[in-house]
Number of protein chains: 2
Amino acid sequence: MSDEQEKVILEEEGLLASLSSHNLDAFRDIFLEQHPYDQAKFFTKLEEEARFTVYSYLSPEEMAAIFENIEVEEDQYETYLSEMDPTFAAQMLSHMYADDAVDVLNELNKDQVASYLTIMDDDAAEEIRELLHYEEYTAGSIMTTEYIAIHANQTIHSAMQILKNEAPNAETIYYIYVIDEDKKLVGVISLRDLIINEPDLMISEVMNERVYSVSVGEDQEEVARKMKDYNFLALPVIDFKGHLLGIITVDDIVDVIDEEASDDYSKLAGVSDVDSNDRGPFSAAKKRLPWLIILLFLGMFTASLIGRFEATLDKVAILAVFIPLIAGMAGNTGTQALAVVVRRIAVGDPKEHSSLKMLMKEAGTGLITGTICGIVVTLIIFVWKGNFILGLLVGISILATLTVATIAGAFIPLVMHRLKVDPAVASGPFITTINDIISILIYFGMATLFMQYLI
Amino acid sequence: MSDEQEKVILEEEGLLASLSSHNLDAFRDIFLEQHPYDQAKFFTKLEEEARFTVYSYLSPEEMAAIFENIEVEEDQYETYLSEMDPTFAAQMLSHMYADDAVDVLNELNKDQVASYLTIMDDDAAEEIRELLHYEEYTAGSIMTTEYIAIHANQTIHSAMQILKNEAPNAETIYYIYVIDEDKKLVGVISLRDLIINEPDLMISEVMNERVYSVSVGEDQEEVARKMKDYNFLALPVIDFKGHLLGIITVDDIVDVIDEEASDDYSKLAGVSDVDSNDRGPFSAAKKRLPWLIILLFLGMFTASLIGRFEATLDKVAILAVFIPLIAGMAGNTGTQALAVVVRRIAVGDPKEHSSLKMLMKEAGTGLITGTICGIVVTLIIFVWKGNFILGLLVGISILATLTVATIAGAFIPLVMHRLKVDPAVASGPFITTINDIISILIYFGMATLFMQYLI
């Protein structure tokens with residue numbers, strides 16, 4: 001932990017004291033020195049009463065900085081805003097970066113949004129309205145309109161002047177975008193280049209005409225990948241005609257990468273969301289039960305399948321001994337294949353590997369792992385039970401199961417991807433249970449064939 | 001796909017043509033226009049012969065840009081370097097940002113590293129040697145030494161001069177760090193502030209004395225979290241005495257977040273690595289078999305457990321019907337708990353939730369989900385089989401299993417974390433198989449108790 005963090009922890013007591021003793025100056029002196037993230041963290045820890053004091057101690061602009069850095073459960077935002085005087089809240093929203101303001105407003109109902117927008121000054125309201133249109137998880141939904149744009153036919157010196165004026169409000173000043181008279185994006189220049197080059201050079205001479213941009217409807221995962229690959233600090237967002245609409249900054253992308261990753265992770269584990277989990281066991285149970293109930297019924301189906309083989313089991317009870325082994329192996333290999341395919345769909349750009357190729361590869365993998373595990377299991381059982389037929393039965397079942405289960409693990413997410421469903425939805429538990437069923441059918445199918453040799 | 005990307009694809013043919021026709025100028029004209037990431041992507045697609053031509057067409061400095069953006073399997077680096085003339089390779093490494101050069105050198109054996117460092121010019125070699133000392137996954141291992149540092153007792157104007165001179169080599173110029181005479185970090189100022197403020201102001205008047213920094217030994221995940229929370233573009237790295245050693249830039253952090261996430265993901269699925277997976281089914285099988293074999297033996301153990309209950313099964317074959325259901329449910333709930341705990345250890349800072357608290361919470365969650373699923377299953381079986389005792393047996397088993405399995409799913413990663421083992425190693429399949437065993441013991445234990453009522 002760095003000195004800064006220790007300092008922040010020490011200051012917390014001071015802040016709490018100044019709040020309870022209603023010492024405005026003392027509070028502002030300490031609080032406004034802190035980084036907005038620390039301010040936000042402190043604010044979210046406060047009781048309702050203390051929060052009211054804070055609203056009265058800070059300006060809408062100062063409050064905006066906090067809200068740009070706040071991390072709470074969605075429904076919290078509504079609570080906070082409802083506590084504020086509507087005009088104060090509206091002003092705060094208008095002082096926030098448009099993209100952050102939109103994130104907050106997206107958690108409110110339409111009426112609330114409308115009312116805040118009407119109180120707000122028109123320019124801010126306009127900017128926000130535009131952004132509200134864009135669909136969630138698209139470039140448009142995470143872009144901001146506070147960028148700096150200049151024209152090619154001006155000098156670096158004049159560009160620097162514009163920069164100095166707009167710097168306080170722009171979300172980033174490190175890339176300046178060059179547009180033509182009808183707002184089409186024609187180039188980009190980094191602040192680095194502005195500084196290195198002679199002030200009297202024309203922008204057109206130093207700007208980079210190869211501008212990487214994303215279209216406004218592009219998936220945020222795509223944007224994140226591009227930003228990561230090219231190490232950009234910001235990416236311009238354009239419409240289908242090439243007009244500059246806004247920019248996406250790397251800090252938002254860091255959040256996207258983090259969310260998407262933990263989202264895939266949660267789904268693989270069959271939990272709706274593993275992160276926002278600071279509440280009690282009941283809310284946790286509520287989040288996990290849907291999955292468990294679905295899987296319970298799938299499990300009952302598996303049970304009913306085995307039920308059909310009760311006669312077989314009556315004759316050869318030992319068969320039951322290997323059910324978990326075979327079902328388990330099927331589940332594991334299926335999950336492996338699932339993870340690989342989901343991940344590759346997520347990271348690689350789709351062209352690079354045709355679905356069929358992936359499927360064939362997984363089939364091959366399943367066949368290889370199946371053969372090896374099958375042989376191993378046959379030998380173990382032969383040695384352990386001295387029953388070669390039984391060993392062979394289980395071995396062949398393992399071979400067949402692993403092959404099919406691996407293919408299933410790859411096939412299901414691929415189909416979902418084709419159907420434009422997020423493949424990660426085919427979570428581990430789901431695949432596992434599907435493969436339980438497959439494995440039971442194969443195992444008892446084989447058993448029925450082998451029956452005469454087993455008794 | 002943006003116009004830029006289409007353009008790059010079109011240019012590829014031109015580049016290949018110019019290589020095969022040995023047209024140096026044509027190649028350089030197109031190639032040097034491209035973004036280093038596109039250059040790297042093109043380079044890694046080339047055959048050995050074509051790569052040799054590229055080495056002869058580009059300067060070490062131009063080659064360095066490619067290597068800073070290359071993404072290949074570790075062992076590829078050695079191949080590339082061995083293809084180059086040693087002096088050329090050494091010069092290339094010295095032109096790379098120190099942190100990237102270190103990443104490459106870390107893939108070579110000690111002798112190779114030593115020989116390159118000796119050919120290299122001393123300053124570069126020195127910088128790299130320092131960085132090579134730091135342990136993997138620490139702040140030191142991902143930091144770079146190409147930062148800009150100034151003193152507090154100079155004017156903004158003179159600082160800007162320094163900036164202009166160092167800009168070409170610095171990895172970022174957007175934060176300038178302020179140090180005292182013995183190199184202690186005392187402040188930071190953003191380029192934004194330098195530009196907004198009057199040139200004749202002193203740095204000491206405008207710099208921010210609250211500098212967030214990370215210590216050189218800090219875990220890279222910690223660094224990533226801090227950078228993400230505070231939306232920094234760079235973080236200074238200091239030693240225990242507060243001396244400025246280097247900086248970590250956000251582009252490296254984006255990679256860290258991505259790696260750590262897909263690493264946890266792979267482990268949850270029980271695959272050594274889901275990403276570097278562009279090879280054939282054999283290498284894929286090789287990666288997955290270790291897990292499958294371990295699980296196979298654990299599965300055999302489960303089987304032998306059930307074997308002990310063969311007598312019970314002989315009497316009441318129907319018991320077998322519910323084995324996969326119970327084992328499956330245990331596996332699923334265990335994986336859920338595992339994912340939640342692993343993720344919370346990864347994202348939350350450890351103080352915030354004591355292990356015991358987490359454990360208690362998971363126990364509660366397991367009890368709730370267990371009770372509900374237990375009741376549901378009892379009813380279903382009662383309706384389906386008209387056998388209440390059997391329903392009760394399975395229901396109680398589910399209740400007990402889910403509770404224990406959930407606790408196990410949370411307990412195992414927590415213990416690993418305490419033992420300083422990466423908790424993510426307790427992968428889904430592992431927990432699942434452990435819970436298979438637990439569930440079998442509970443289920444057949446119960447069955448033996450209920451025996452008299454079942455027959």
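Order of the sequence lines fixes the chain letters, A, B, ..., with proteins taken first and strands second; residue numbering starts at 1 for each chain. Keep in mind the model is a prediction, meaning the values are calculated, not measured.
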Quiz prompt | B/L319, part contacting chain A, at a heavy-atom distance under 4.5 Å | solution = neither
Self-check item: Segment of A/I372 engaging chain B (4.5 angstrom heavy-atom cut-off)
Solution: side chain
Quiz item: Can you tell me how far the CD atom of B/E260 sits from the CG atom of A/D258, to the nearest 0.5 Å?
Solution: 11.0 Å
Quiz prompt | Which of A/L313, A/T406, A/N332 touches chain B most, by non-hydrogen pairs under 4.5 Å | solution = A/N332
Quiz item: Looking only at heavy atoms, which two atoms of A/L295 and B/M329 are closest? And how far apart?
Solution: C-SD, 4.2 Å
Practice problem: Could you label the plane-to-plane angle of the A/Y174 and B/Y174 rings as parallel, tilted or perpendicular, counting under 30° as parallel and over 60° as perpendicular? | Solution: parallel
Quiz item: Just how far is it from atom CD1 of B/I380 to atom OG of A/S304, taken to the nearest 0.5 Å?
Solution: 11.0 Å
Quiz item: By a 4.5 Å heavy-atom criterion (distance strictly below it), what part of A/I173 contacts chain B: side chain, backbone, both, or neither?
Solution: both
Quiz prompt | Interface moiety of A/F232 toward chain B, non-hydrogen atoms closer than 4.5 Å | solution = side chain
Practice problem: Give the member of A/F309, A/F322, A/W384 that has the highest number of heavy-atom pairs under 4.5 Å with chain B. | Solution: A/W384
Quiz prompt | Contacting region of A/N69 [heavy-atom separation from chain B under 4.5 Å] | solution = side chain
Quiz prompt | Under 4.5 Å from a heavy atom of chain A, the part of B/I318 involved | solution = both
Self-check item: Under 4.5 Å from a heavy atom of chain B, the part of A/M160 involved
Solution: side chain
Quiz item: Does the side chain of B/L292 come within less than 4.5 Å of A/Q336's, by heavy atoms?
Solution: yes
Quiz item: Would a 4.5 Å heavy-atom cut-off, applied to side chains only, mark B/V254 and A/I253 as touching?
Solution: no
Self-check item: Engaged part of A/L233 at the chain B interface, taking heavy atoms whose separation is under 4.5 Å
Solution: side chain
Quiz prompt | Student check: side-chain heavy atoms of A/I306 and B/I323 closer than 4.5 Å | solution = no
Exercise. Please determine, among A/A167, A/G328, A/A327, the option with the most heavy-atom pairs under 4.5 Å with chain B.
Key: A/A167
Self-check item: Proximity breakdown for A/T433 and chain B, heavy-atom pairs closer than 4.5 Å
Solution: side chain
Quiz prompt | Contacting region of A/A337 [heavy-atom separation from chain B under 4.5 Å] | solution = both
Exercise. Mind listing the closest non-hydrogen atom pair of B/V321 and A/A303 along with its distance?
Key: CG1-O, 3.0 Å
Practice problem: With a 4.5 Å cut-off on heavy-atom pairs, point out which of B/P168, B/G331, B/A363 contacts chain A the most. | Solution: B/P168
Exercise. Go through B/E33, B/E71, B/K385 and name the one with the most non-hydrogen pairs under 4.5 angstrom from chain A.
Key: B/E33
Quiz item: Is the closest side-chain heavy-atom distance between B/L191 and A/R192 below 4.5 Å?
Solution: no
Quiz item: Should A/R210 and B/V8 count as side-chain neighbours, where that means a heavy-atom distance under 4.5 Å?
Solution: yes
Self-check item: Side chain, backbone, both or neither of A/L163 within contact of chain B (heavy atoms, under 4.5 Å)
Solution: side chain
Quiz item: B/K228 and salt bridge (charged side-chain N to carboxylate O under 4.0 Å, His left out): which partner among A/D255, A/D252, A/D251?
Solution: A/D255
Quiz item: Given side chains that start at C-beta, do those of B/C373 and A/L289 come closer than 4.5 Å, heavy atoms only?
Solution: yes
Quiz item: Among A/I196, A/N165, A/L296, A/N231, who wins on heavy-atom pairs under 4.5 Å with chain B?
Solution: A/L296
Self-check item: Residues, nucleotides or ligands: over 12 heavy atoms within 6.0 Å of B/E310 CD
Solution: yes
Quiz item: A/V394, A/T249, A/T432, A/V250: which one forms the most heavy-atom pairs within less than 4.5 Å of chain B?
Solution: A/V250
